[in-house]
Amino acid sequence: MRRIDLSRIPGARWGVISSPYLWMLLFFLLPFIIVARISVAEAQLSIPPFSALFQWAADRLTIEISFASYQWLVADDTYFRAYWQSIQIAFFSTLLCILIGYPVAYTIARAPAHTQPTLLLLILLPSWTSFLIRVYAWMGLLSNRGLINQALVGMGITDGPIQMLNTNFAVYVGVVYAYLPFMILPLYANLVKHDNTLLEAASDLGARKIISFFRITLPLSKNGLIAGSMLVFIPVVGEYVIPELLGGRRTLMIGKVLWQEFFNNRDWPLAAALALVMILILLIPIMIFMRVQQKELEGRR
Amino acid sequence: MKSLTFTRCMFWFGILFLYLPMVILIIYSFNAGRNVQVWAGFSTHWYGEVLRDRQLMAALGRSLRVAFFSATAAMLLGLLASIAIIRMKRFRGRGLLSGMVTAPLVMPDVIIGVSLLMLFVSLQQAIGWPQGRGLNTVFIAHTTFCVAYSTVVISSRLRELDESLEEAAQDLGATPVSTFFQVTLPIIWPALLSAWLLSFTLSLDDVVIASFVTGPGATTLPIEVFSSVRLGVSPKINALATMIILVISLIAFTSWYVTRRIDIRNRRQQLAYQREME
Amino acid sequence: MNAATETTASDVRARERVKKKPLLSIEQVSKEFDGTYAVDSVNLQIYSGEIFALLGASGSGKSTLLRILAGFELPTAGRIRLDGQDLTGMPPYKRPINMMFQSYALFPHMTVEQNLAFGLRQDRLPRAEIKDRVGRMLDMVQMKKFARRKPHQLSGGQRQRVALARSLAKQPKMLLLDEPMGALDKKLRTRMQLEVVDILESVGVTCVMVTHDQEEAMTMADRLAIMDEGRIEQVGTPVDVYESPTNRMVAEFIGSVNIIPAEIQADEEDHMILRSPELPVPIYIGHGVSSGIDQRDMLFALRPEKTILCTEQPEGDYNWAAGTVNDIAYLGGHSVYHVKLDSGRVVQTVLANRERRSPRPTWEDRVWVCWESDAGVVLRD
């Protein structure tokens with residue numbers, strides 16, 4: 001009920017709303033429509049490498065539609081396997097992030113109020129430095145002659161180096177490493193708001209610590225958990241840099257496939273189709289994320 | 001007590017996991033030898049190599065320019081979007097706006113990159129703009145996804161701001177515009193600064209989107225770094241990475257420290273009111 | 001109620017006002033939010049120089065009405081006129097009305113002085129005049145010593161004084177107070193109520209305040225309006241509203257009251273008689289109500305302090321009831337007895353504790369409750 005009525009100065013109100021609105025409509029929403037259109041165009045050896053989106057023929061607007069890209073998508077099971085593996089990797093990395101991130105977020109949220117900012121900075125500082133460099137750092141560590149293998153061989157645990165770089169294992173390490181802060185931050189933001197008296201009440205009623213954690217803390221942190229999981233899961237499904245740098249030939253992730261179709265094969269319609277299918281797959285997780293986030297953004301009322 | 005020690009362990013394991021790779025990278029950047037894996041004595045040789053590399057330095061200049069303008073544009077658009085969403089509660093399409101500024105937070109980079117490139121190409125075909133691709137298209141792309149981050153930062157601060165302060169200003173004769181400059185802005189500017197810095201580092205960091213939408217002669221630093229990283233680990237990249245880590249940490253740390261101090265002060269003032277009200 | 005001592009003063013003021021013409025008139029004002037009416041066809045006249053209180057529970061629409069007066073909400077229908085000028089569509093920053101907010105809304109980044117000068121600066125007054133007026137305002141609220149402090153360095157009472165001074169600095173034609181004591185603790189509240197009234201009267205500003213606290217409204221206001229579900233239920237002086245409520249909602253909202261259903265037996269010029277199945281004897285009232293009512297089922301409203309608690313059966317054929325003591329609330333100055341009548345209904349009655357340790361009725365005692373013929377009010381159901 002509390003709001004300032006700006007409707008009396010329509011110009012200012014219109015300006016404030018429309019500038020971000022038009023920008024996002026033009027550069028965020030419209031591109032998806034174009035992608036959808038290009039995905040049903042035909043690949044051509046021209047610049048740009050696809051058939052005209054629409055043309056005037058005999059004073060009539062004609063739109064030609066071809067489903068060739070989608071037929072390709074279905075025919076070659078590489079794409080299906082790439083989607084499936086991307087989802088798998090994203091899912092298990094999300095689980096790993098929860099497993100590591102939850103205790104970290106919990107520890108920070110339970111720490112004395114004056115040390116919390118310092119601990120939080122400690123966690124977030126690495127994520128402010130370059131993403132690329134963080135992934136790169138693992139290349140040196142995981143390679144056959146890298147520090148980890150040197151240590152393993154040096155201590156006599158293994159005879160020769162273990163192949164770690166260019167495997168799915170490296171991809172998992174890289175993904176968890178790069179995306180962990182995105183799990184910790186929303187979880188912390190949620191956990192820190194919890195009322196401590198709830199836990200005191202629970203222990204007063206005789207619940208053991210572990211029980212009150214599963215019965216009270218965990219359910220209450222649901223929104224933070226969802227937000228964090230989505231912040232990890234969704235971008236990881238489309239991840240390109242990590243599988244490219246740490247993954248091997250057998251790591252088939254859809255972001256990498258899309259990149260190759262686009263840059264190496266210059267098949268724009270196919271790349272557009274791949275992107276569109278990826279959006280469709282991610283639609284439900286994105287919706288869930290937006291619901292949670294919108295509640296945050298618009299305030300709980 | 002059992003769960004407590006478990007969480008403690010996981011916490012320190014997490015910290016170790018986060019920092020160890022960085023520390024090792026920094027150490028090896030001072031390796032004298034060409035072979036990265038074998039320690040051959042301390043040297044700052046590779047730092048000189050980086051600073052002498054014209055191509056890298058030119059890319060850095062371009063990246064800084066793009067980041068500066070994108071961060072500024074994203075901060076302004078994010079501010080307007082926050083005001084629209086938080087303060088002007090009823091307007092048609094509010095849900096769509098808050099959706100459009102939320103979705104880029106999770107949208108995979110390849111999708112944003114590929115769709116924006118296709119938009120630019122189609123627009124050029126249809127209306128002749130933008131003419132070719134280069135830093136201007138990278139600027140547009142970076143601004144677009146940074147608006148999302150900057151809106152999250154600014155709107156969360158704006159929501160905490162007691163709306164009756166703005167109403168009081170209007171009640172005392174200030175127009176909405178002058179209310180914004182005399183009351184709202186002086187209180188929320190630390191959030192604007194954090195939004196700007198966040199956008200700046202995100203833009204400086206992006207490789208995937210820039211790879212899609214950039215054009216000839218407009219290679220940014222991350223693209224430059226990525227192309228050499230793909231070929232494997234090199235001591236020169238280690239040195240460059242160390243420099244980036246140090247500079248960004250320094251900026252991040254000071255900005256965190258400054259905004260935090262100001263924010264704590266403001267928050268304390270507001271908290272004091274709220275306590276009175278209870 | 002400590003309203004008793006103020007009765008005569010506010011009565012005199014109220015009578016004086018009748019001659020004056022209204023300063024603010026609210027005509028058929030409604031505000032609709034998503035199909036429900038927060039304010040529903042309200043008509044009100046506020047007279048020059050009076051302190052007027054809008055009293056109601058939360059959600060009664062009183063705050064919305066105040067925000068409409070301030071200009072933060074546009075009414076869906078109706079007009080608002082101040083001194084003959086139509087304010088209805090005027091934005092808040094153009095209205096000659098200022099408001100003191102519940103949270104005080106002092107600008108945290110400005111000193112006390114700058115807060116007071118804010119409104120004057122918007123009018124682009126000369127610097128010297130601003131300084132002069134801020135100085136006078138600081139004197140008035142005795143805050144000169146704190147002129148350079150920031151709001152968070154002040155106590156609750158000091159903040160309230162600054163907020164009051166800031167809203168008076170522009171010499172508004174009308175002052176709005178939103179829950180003026182809402183942010184203070186109970187002890188401070190009583191003191192500040194009188195302090196604020198003193199300041200308001202010395203300035204002579206017309207004032208509309210919103211409160212949910214009836215004691216606050218009765219202490220501070222010359223007249224008040226009871227609001228419920230967006231409508232005004234009754235307007236009048238505190239005495240009018242307390243002693244002669246026009247309906248059940250008002251009677252129950254202000255103070256405590258025993259409501260007993262009764263049926264009219266006789267309604268004459270000088271008296272009327274009601275009969276209730278809950279009481280052993282009829283109710284006799286020393287005046288007629290109004291003729292021409294077909295309805296016979298009425299409510300008899302009787303305030304606890306207008307009754308007398310006896311330990312023996314009273315003489316007379318009217319105006320008493322018998323029962324046993326069900327509950328006693330000892331409040332120091334007086335005790336409230338909950339008496340369970342033979343019919344099962346519980347009525348409240350008040351016993352003043354005049355002696356320190358005299359014998360008083362206790363639980364399960366047989367007692368009688370009786371009242372004078374002008375003690376109660378007859379309300380339509």
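Just so it is clear, the structure is predicted and the values come from calculations on it, not from any experiment. Convention: sequence-line order gives letters A, B, ...; per-chain numbering from 1.
- For B:V208, the parts lying near chain A are the backbone and the side chain together; criterion is any non-hydrogen pair under 4.5 Å.
- Contacts between B:V106 and chain A at a heavy-atom distance below 4.5 Å involve backbone atoms as well as side-chain atoms.
- In this structure, chain A has heavy atoms under 4.5 Å from both the backbone and the side chain of B:I245.
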>> A:L245 vs B:F226, test: side chain to side chain contact (heavy atoms under 4.5 Å, CB included). Steps then yes/no.
In response: CA-CA 9 Å; A:L245 293 183; B:F226 185 62; 3.9 Å; yes
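- Residues B:P176 and A:R13 fail the side-chain proximity criterion, which asks for heavy atoms closer than 4.5 Å.
- The aromatic ring centres of A:F263 and B:F212 sit less than 6.0 Å apart.
- When heavy atoms are compared at a cutoff of 4.5 Å, A:T107 approaches chain B solely by way of its side chain, counted from C-beta outward.
- Interface remark: B:S211 contributes backbone and side-chain atoms alike to the contact with chain A (heavy atom separation under 4.5 Å).
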Solution key, residues 110-121 of chain B side-chain donor-acceptor pairs under 3.5 Å, sequence neighbours excluded:
| from | atom 1 | to | atom 2 | distance (Å) |
| --- | --- | --- | --- | --- |
| B:S115 | OG | B:I111 | O | 2.8 |
| B:S115 | OG | B:I112 | O | 3.2 |

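- Identified under the salt bridge (Lys or Arg N to Asp or Glu O under 4.0 Å) test for residues 234-248 of chain B, with sequence neighbours left out: B:D53-B:K236.
- Residues of residues 255-262 of chain A that come closer than 4.5 Å to chain B, counting heavy atoms only, are A:G255, A:L258, A:W259, A:F262, ordered by residue number.
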Donor-acceptor pairs under 3.5 Å, side chain of residues 269-280 of chain A to any protein atom, not counting sequence neighbours: which ones?
none

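- With a threshold of 4.5 angstrom between heavy atoms, B:L25 approaches chain A through side-chain atoms but not through N, CA, C or O.
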